[in-house]
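The analysis underlying the following values was restricted to heavy atoms, covering all of them including side chains, and did not include hydrogens, waters or symmetry mates. Here is how names work: the chains are called A, B, and so on, in the same order as the sequence lines, proteins then strands, and each is numbered from 1.
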Amino acid sequence: MLTPSGALSRTIGSGAGAPILVVEDDPPLRQIIRDVLEDEGLVIETAADGRQALQRAATQRPVLVVLDMMLPVLDGVDVVAGLRATFGVPPPVLLITADGRAAEKARQVGAFAFLSKPLELDELVATVQRALESR
Amino acid sequence: VAEVTDAWMQAAATSPEHLQFLHDLGVRSLMRVPLIPRERPIGVLTFGLAASGRRYTPADLVLAEELARRAALAVDHAWLYHQLQQDVRTRNEFLLSASHDLKNPLAAIQGQAQLLRRRATRAAALDLERLLKGLAQIENSTRMMAQLLDEWSDVARLQTGERLHLDRQPTNLVALARQVAAAQQQTTEAHQIVVEAAADELLGLWDTVRLARVLGNLLGNAVKYSPAGGTITVAVGRDERAEGTWAMLAVRDQGMGIPAADLPHIFERFHRGSNVAGRIAGTGIGLATARQIVEQHGGTITVESWPNKGSTFTVRLPLAASEDLPPTTPVCGHVGGQEEHDVDPFRCAQPHHR
């Protein structure tokens, strides 16, 4: 995983300006996810709650949504439902959960993958990379 | 009562209906024995004889007393068992919730360490500023976890009836409020936390760390339970009353409020509002601990709440040095109206000092 900064974006790219939307209510964790993905040269947009996520998604049309399940205002399930309502076919969702029922919840919302907290950043980057390549 | 007479019934009846009931039963002889397990009466066992013509004797009373003693124990054991089951359930729920609370700072520590490691192994060297920022964040998260653990051990201590050992020192409540508010502001962009104080100093002999925790708790709740954002006001000032001058600190939010039915219980350990339980993460111990800390300082904590408009928590602390007081049992009730709100406010307050 010792990709020099920027190499990933040259090989896979995140589209011309279309960002990855990171939805996480914990500010330090949100910043870390933004940093690690920006280190890969990806364009990142963030949201701190479900409503903000849907607003940003509607205007930015993200290529991928990294979504924390437990959110204030609207939770992960509501966000995925909202994405479906907005886009018909919603962008792929990578689900992040803090509890032991991650797989069940990922199935429930139709996420293409899930990660448990605390996050392994190498795994996060690899999963995001896979998703963007298979687009 | 070997021989039940009309005069006895007249005297014993608590209402005309009760008297009628005694007549209808046709009781001629009667024994009443109290159920007293562990020195606390929980009820009365009544024996009555009607048509048979037999009358109770002192020997019957001895037997009845023995039966009552055993019945009292049986009822008490059933009640204790029920209590215990409930305690185990709430403890399990607390464990789930507590592990969830620990996960965010833990995730931030691990994430920050991995982020720094990834950057350090890259061709482009990790610059010093980013390194220091990352390390500062790791320290912040560990501090947050340590605070959670301190809080939980206080809770465990208080539950076993142990009192906290307050570390009283000269504390400036205004400075403390500003400091805690600034730290809380770091966690949110959707809220503006405003500290209102007439003076820059309000000094008292208080346990600084624990009061910071009380305020941190109130502010954390204000943020958490006003998910749509808004202004959170912390008002600090003096409250002059007939019985003396108090330091007063009020935290007001514009959030979802607390349902009236939950308000009398909101300071009870593990109790959470029905509008948030299962929807917003929490352990239900923050306010219970806050109350106990404030009361041990000889102060009071009260709440007013209007559904969908917000809540105001008010802490009053005696300014004169006082002895540590044991925590008291809260007495809560609803009282009526303040005109400026069209929804009836509900209060839950400790009536002493009021």
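Here the CG atom belonging to B:Asn104 is positioned 4.0 Å from the CG atom belonging to A:Asp26, to the nearest 0.5 angstrom. Remark: B:Leu106 CG to A:Leu119 CG distance equals 11.0 Å, nearest 0.5 Å.
Residues of residues 210-221 of chain B lying under 4.5 angstrom from chain A, judged on non-hydrogen atoms, do not exist here. Proximity to chain A among residues 129-138 of chain B is limited to B:Arg130, B:Gln137, judged by heavy-atom separations below 4.5 angstrom.
For the side-chain contact (heavy atoms from CB on, under 4.5 Å) with A:Leu121, the lone residue among B:Gln114, B:Gln112, B:Arg117 that qualifies is B:Gln114.
Contact of B:Glu189 with chain A is made through the side chain alone, with heavy-atom distances under 4.5 Å. Looking at B:Gln110, only its side chain comes within 4.5 Å of chain A, counting heavy atoms on both sides.
Counting non-hydrogen atoms of neighbouring residues, nucleotides and ligands closer than 6.0 angstrom, the CZ atom of A:Arg61 reaches no more than 12 such neighbours.
The two residues A:Pro118 and B:Ala107 have their closest heavy-atom pair at CB-CA, 3.6 Å.
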Could you walk me through whether A:Asp35 and B:Arg119 satisfy the side chain to side chain contact (heavy atoms under 4.5 Å, CB included) test, starting with their C-alpha distance in whole Å, then the side-chain angles of each, then the deciding distance to 0.1 Å, before giving a yes or no?
CA-CA 10 Å; A:Asp35 285 352; B:Arg119 284 175 172 174; 3.4 Å; yes

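No salt bridge links A:Glu120 with B:Arg118; every basic N to acidic carboxylate O contact stays at or beyond 4.0 Å.
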